[in-house]
*Asks:* 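Can you keep this structure in mind? I'll have questions shortly.
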Amino acid sequence: MRGQPQVYETLNRMGIPFEYYEHPEAPTIEIAAQYYRGEGTTLCKNLFFRNHKGNRHYLVIMNSTKAMDIHAIEHMLHQGKLSFASPERMMRYLGVRPGSVSLFTLINDTNHEVTLFVDKELLKADKVSFHPNDNTASLVISKEDMLRFIENIGNPYEFLDLYEQ
C-alpha cells in the first residue's frame, strides 16, 4: 500500500479500520476531488501554518468544500499573523512534502509541537478522507475513529467553528 508504513502501523495499533484507494498524484484538494470516492465521505482539506515568529505550528483541518480565509482563521485561532509553513518546516515537523499533509502526519510529530485545529463541521460527517502521508492514495475512516486518532496521538487540539458568522 502507498503511504508511510507508520500510518498503517498506527491505525492497526489503535484498531482503526480504513478503506484504501490509490489514485494519481493529488497535491491539491482540487485535484484530489477528481479522484474522490466513497459516498457519504467528507474529503478533508489540511493546511499547515506557522505563526509570525516561526516558533509555533498549526495543522488546520476542514471540509474541502469550504474556502479558506486566512484572516478569518487568524482571528479564530487567536495566534497572531499566520503564514503557510515552508516545505522545510513541513518536512521537519510533519515528515512530508507539500501536497501530502494530512491528519496522519501528526504521527511524525513525536515531540507534539504542532497544534491541531479541527473545524466542528467535520463532527457532522459520517466518514472522512485523508492521504496516508502520500498524495497518491487516500484512506477513509469513520468520524468516530478520527476522534479516537486525535485523542490518542498526543498533540494539543481544539475543535472550532471556523465558519461561524
Side-chain angles (χ1 to χ4, degrees), residues 1-49 57-70 72-73 76-77 82 84-85 90 93-109 112 114-164:
M1 287 191 287
R2 297 178 183 170
Q4 293 179 333
Q6 56 269 45
V7 171
Y8 301 106
E9 292 164 9
T10 301
L11 293 175
N12 287 332
R13 187 178 69 251
M14 290 183 184
I16 296 176
F18 56 86
E19 298 169 45
Y20 171 83
Y21 300 101
E22 289 185 8
H23 47 72
E25 186 174 12
T28 67
I29 201 65
E30 293 78 20
I31 295 171
Q34 295 173 21
Y35 305 110
Y36 173 72
R37 295 189 212 172
E39 291 301 316
T41 300
T42 299
L43 185 61
C44 296
K45 186 183 302 187
N46 306 270
L47 306 166
F48 186 51
F49 295 106
H57 297 83
Y58 313 96
L59 178 59
V60 177
I61 297 175
M62 64 183 74
N63 187 320
S64 68
T65 62
K66 300 292 185 177
M68 197 256 338
D69 179 347
I70 193 165
I73 290 174
M76 286 279 190
L77 301 185
L82 299 177
F84 286 105
M90 192 176 292
Y93 290 95
L94 299 178
V96 296
R97 60 186 174 84
S100 292
V101 172
S102 83
L103 173 66
F104 302 132
T105 58
L106 293 176
I107 66 171
N108 296 320
D109 180 23
H112 308 297
V114 176
T115 299
L116 174 65
F117 291 103
V118 181
D119 183 12
K120 281 186 179 178
E121 184 174 307
L122 292 182
L123 297 176
K124 299 175 187 172
D126 291 325
K127 297 179 186 176
V128 289
S129 179
F130 300 99
H131 291 311
N133 300 353
D134 178 314
N135 64 20
T136 62
S138 295
L139 301 181
V140 175
I141 62 174
S142 71
K143 170 193 63 189
E144 292 78 17
D145 286 331
M146 174 188 74
L147 296 173
R148 189 157 38 116
F149 181 89
I150 291 169
E151 186 70 31
N152 287 289
I153 203 64
N155 287 71
Y157 66 91
E158 188 175 340
F159 292 93
L160 297 173
D161 287 313
L162 292 178
Y163 296 98
E164 70 181 354

*Asks:* Aromatic contact between Y58 and F48, with the criterion being ring centroids under 6.0 Å apart: yes or no?
*Replies:* no
*Asks:* To the nearest 0.5 Å, what is the distance between CD1 on I107 and CG on L11?
*Replies:*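 One finds 8.0 Å between CD1 of I107 and CG of L11.
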*Asks:* Check side-chain hydrogen bond (donor to acceptor under 3.5 Å, both in side chains) between N135 and all other residues, then give those that pass, not counting sequence neighbours.
*Replies:* none
*Asks:* Output the distance between atom NZ (K127) and atom CE (M146), rounded to the nearest 0.5 Å.
*Replies:*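 Result: 14.5 Å between the selected atoms.
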*Asks:* Could you check L59 against T115 for side-chain contact (heavy atoms from CB on, under 4.5 Å), going step by step and ending with a plain yes or no?
*Replies:* CA-CA 6 Å; L59 178 59; T115 299; over 6 Å; no
*Asks:* Name all residues meeting the side chain to side chain contact (heavy atoms under 4.5 Å, CB included) criterion together with D126; count only those two or more places apart in sequence or in a different chain, and write none if there are none.
*Replies:*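 Scan of D126 (side chain to side chain contact (heavy atoms under 4.5 Å, CB included), adjacent residues dropped) gives none.
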*Asks:* Got K143 and T42 here, is their nearest side-chain heavy-atom distance under 4.5 Å?
*Replies:* no
*Asks:* Sub-3.5 Å donor-acceptor pair from the side chain of N133 to the main-chain atoms of G3, do we have one?
*Replies:* no
*Asks:* Heavy atoms, side chains only, cut-off 4.5 Å: are E9 and N12 in contact?
*Replies:* no
*Asks:* What's the separation between atom CG in L160 and atom CG in D119, rounded to the nearest 0.5 Å?
*Replies:*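 Answer rounded to 0.5 Å: 8.0 Å.
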*Asks:* I want to check something: taking the side chain as every heavy atom from C-beta on, are L103 and C44 in contact at a cut-off of under 4.5 Å?
*Replies:*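 A side-chain contact is absent here, since even the closest heavy-atom pair is not under 4.5 Å.
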*Asks:* List for me each residue that meets side chain to side chain contact (heavy atoms under 4.5 Å, CB included) alongside F159, sequence neighbours excluded, and say none if there are none.
*Replies:* V118, K120, L123, L147, I150, Y157
*Asks:* On a heavy-atom basis, which atom in H112 and which in I153 lie closest, and how many Å separate them?
*Replies:* CE1-O, 3.0 Å
*Asks:* Rounded to the nearest 0.5 Å, how far does CG of L94 lie from CG of N46?
*Replies:*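 Here the interatomic distance stands at 10.0 Å.
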*Asks:* Using the side chain to side chain contact (heavy atoms under 4.5 Å, CB included) criterion, which residues pair with D145? Sequence neighbours excluded.
*Replies:*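 Only I16, P17, I141, S142, R148 meet the side chain to side chain contact (heavy atoms under 4.5 Å, CB included) criterion with D145.
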*Asks:* Sub-3.5 Å donor-acceptor pair from the side chain of Y20 to the main-chain atoms of R2, do we have one?
*Replies:* yes
*Asks:* How long is the straight-line distance from NE2 of H57 back to CG of N155, given to the nearest 0.5 Å?
*Replies:* 13.0 Å
*Asks:* Does T65 have any side-chain hydrogen bond (donor to acceptor under 3.5 Å, both in side chains) partners at least two apart in sequence or in another chain, and if so, which?
*Replies:* N63
*Asks:* According to side-chain hydrogen bond (donor to acceptor under 3.5 Å, both in side chains), who are the partners of Q6, at least two apart in sequence or on a separate chain?
*Replies:* N108
*Asks:* Partners of E25 by salt bridge (charged side-chain N to carboxylate O under 4.0 Å, His left out), sequence neighbours excluded?
*Replies:*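 Here the qualifying residues are R97.
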*Asks:* Mind listing the closest non-hydrogen atom pair of V7 and P132 along with its distance?
*Replies:* CG2-O, 3.8 Å
*Asks:* Tell me, please, which residues at least two apart from F104 pass ring pair (Phe, Tyr, Trp, His ring centres under 6.0 Å).
*Replies:* F130, F149
*Asks:* S138: what forms a side chain to side chain contact (heavy atoms under 4.5 Å, CB included) with it, not counting sequence neighbours?
*Replies:*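 For S138, the residues satisfying side chain to side chain contact (heavy atoms under 4.5 Å, CB included) (neighbours in sequence not counted) are H23, S129, H131.
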*Asks:* For D134, which residues count as a side-chain hydrogen bond (donor to acceptor under 3.5 Å, both in side chains) partner, sequence neighbours excluded?
*Replies:* T136
